[in-house]
Amino acid sequence: MDIEFSSRWFKENIEPLLTHYKCTYRFYANGDFGSLDQVAFDSERISGEIDYWSSGRVSINLWDYEKEEMVLNLLVLEDEDVSNKINGLIKLKALLGI
């Protein structure tokens, strides 16, 4: 899987598959771990966020409104294997059914 960890990659590769979601993109130049490139996506059933930090950290959160629970809460640190980030995105796609 060829992945660039940024909102641009998400917009080109994932957003087109999210047919009933509203996607919002934000950028913060001075976040806790460097600049923050953030994607938020919402539907009637599910809400989620992906934070791409310039330090290399990635966090993925997914909330299921029907279950009223967090179904994915992942933080991958900058020094972890890139496969952890890829596996997080694969799990996200599976939970979203895309």
### Query
When rounded to the nearest 0.5 angstrom, what is the spacing between CG in Leu72 and CG in Asp64?
11.5 Å
### Task
Flag yes if Leu77 and Leu89 sit in one hydrophobic cluster, no otherwise; membership is Ile, Leu, Val, Met, Phe, Trp, Tyr, and two members link when side-chain heavy atoms are under 4.5 Å apart.
no
### Asn87 and Lys85: CA distance, side-chain angles, deciding distance, side chain to side chain contact (heavy atoms under 4.5 Å, CB included) verdict
CA-CA 5 Å; Asn87 290 335; Lys85 296 175 187 178; over 6 Å; no
### Query
Which atoms form the tightest heavy-atom contact between Met70 and Asn61, and what is the distance?
SD-CB, 4.1 Å
### Summary
Between Tyr25 and the options Gln38, Arg8, Glu15, the side chain to side chain donor-acceptor pair (under 3.5 Å) test singles out Glu15
### Query
Which atom pair, heavy atoms only, marks the closest approach of Asp51 to Trp53?
CB-NE1, 3.7 Å
### Task
Over all heavy atoms of both residues, which pair between Leu74 and Gly88 is shortest? Give the atoms and the distance, please.
CD2-CA, 3.4 Å
#### Entry: Within 6.0 angstrom of Asp79 CG, more than 12 heavy atoms from elsewhere
yes
### Query
Do Val76 and Arg57 come close enough that some side-chain heavy atom pair is under 4.5 Å?
no
### Task
Kindly indicate whether the side chain of Ser54, heavy atoms from C-beta on, has any atom under 4.5 Å from the side chain of Phe33.
no
### Message
side chain to side chain contact (heavy atoms under 4.5 Å, CB included), that's the test. Do Leu18 and Leu96 meet it? Break it down for me.
### Response
CA-CA 8 Å; Leu18 298 176; Leu96 293 172; 3.9 Å; yes
### Message
Under 6.0 Å from the ring centre and within 45 degrees of the ring axis: does the NZ or CZ of Arg45 meet both conditions for the six-membered ring of Tyr65?
### Response
no
#### Entry: Considering all heavy atoms, the nearest Ser43-His20 contact
CB-O, 3.3 Å
### Task
Test Leu92 against Ile50 for side chain to side chain contact (heavy atoms under 4.5 Å, CB included), laying out the working first.
CA-CA 10 Å; Leu92 174 68; Ile50 302 177; 3.6 Å; yes
#### Entry: Connected via hydrophobic side-chain network under 4.5 Å: Val58 and Val82
yes
### Message
Taking Ile86's backbone N and O only, do any of them form a donor-acceptor pair with Lys91's side chain (distance below 3.5 Å, no angle check)?
### Response
no
### Query
Is it the case that more than 12 heavy atoms not belonging to Glu68 sit under 6.0 Å from its CD atom?
no
### Task
Identify whether Trp9 and Ile90 are in the same connected component of the hydrophobic contact network (ILVMFWY, side-chain heavy atoms under 4.5 Å).
yes
### Message
Hydrophobic cluster membership, with links at side-chain heavy-atom distances under 4.5 Å among I/L/V/M/F/W/Y: are Ile60 and Ile98 in one?
### Response
yes
### Query
Heavy atoms, side chains only, cut-off 4.5 Å: are Tyr21 and Ile46 in contact?
yes
### Message
Whether the Ser6 and Asp37 side chains hold a donor-acceptor pair (N or O, under 3.5 Å, no angle test) is what I'd like checked.
### Response
no
### Query
Hey, what do you get for OG (Ser59) to CD (Glu49), rounding to the nearest 0.5 Å?
7.5 Å
### Query
Centres of the Phe41 and Phe10 rings: under 6.0 Å?
yes
### Query
Between Val39 and Tyr28, is there a shared hydrophobic cluster once you connect ILVMFWY residues whose side-chain heavy atoms come closer than 4.5 Å?
no
### Task
Under the side chain to side chain contact (heavy atoms under 4.5 Å, CB included) rule, what do Leu62 and Asn73 come out as? Steps first, then yes or no, please.
CA-CA 7 Å; Leu62 192 63; Asn73 184 6; over 6 Å; no
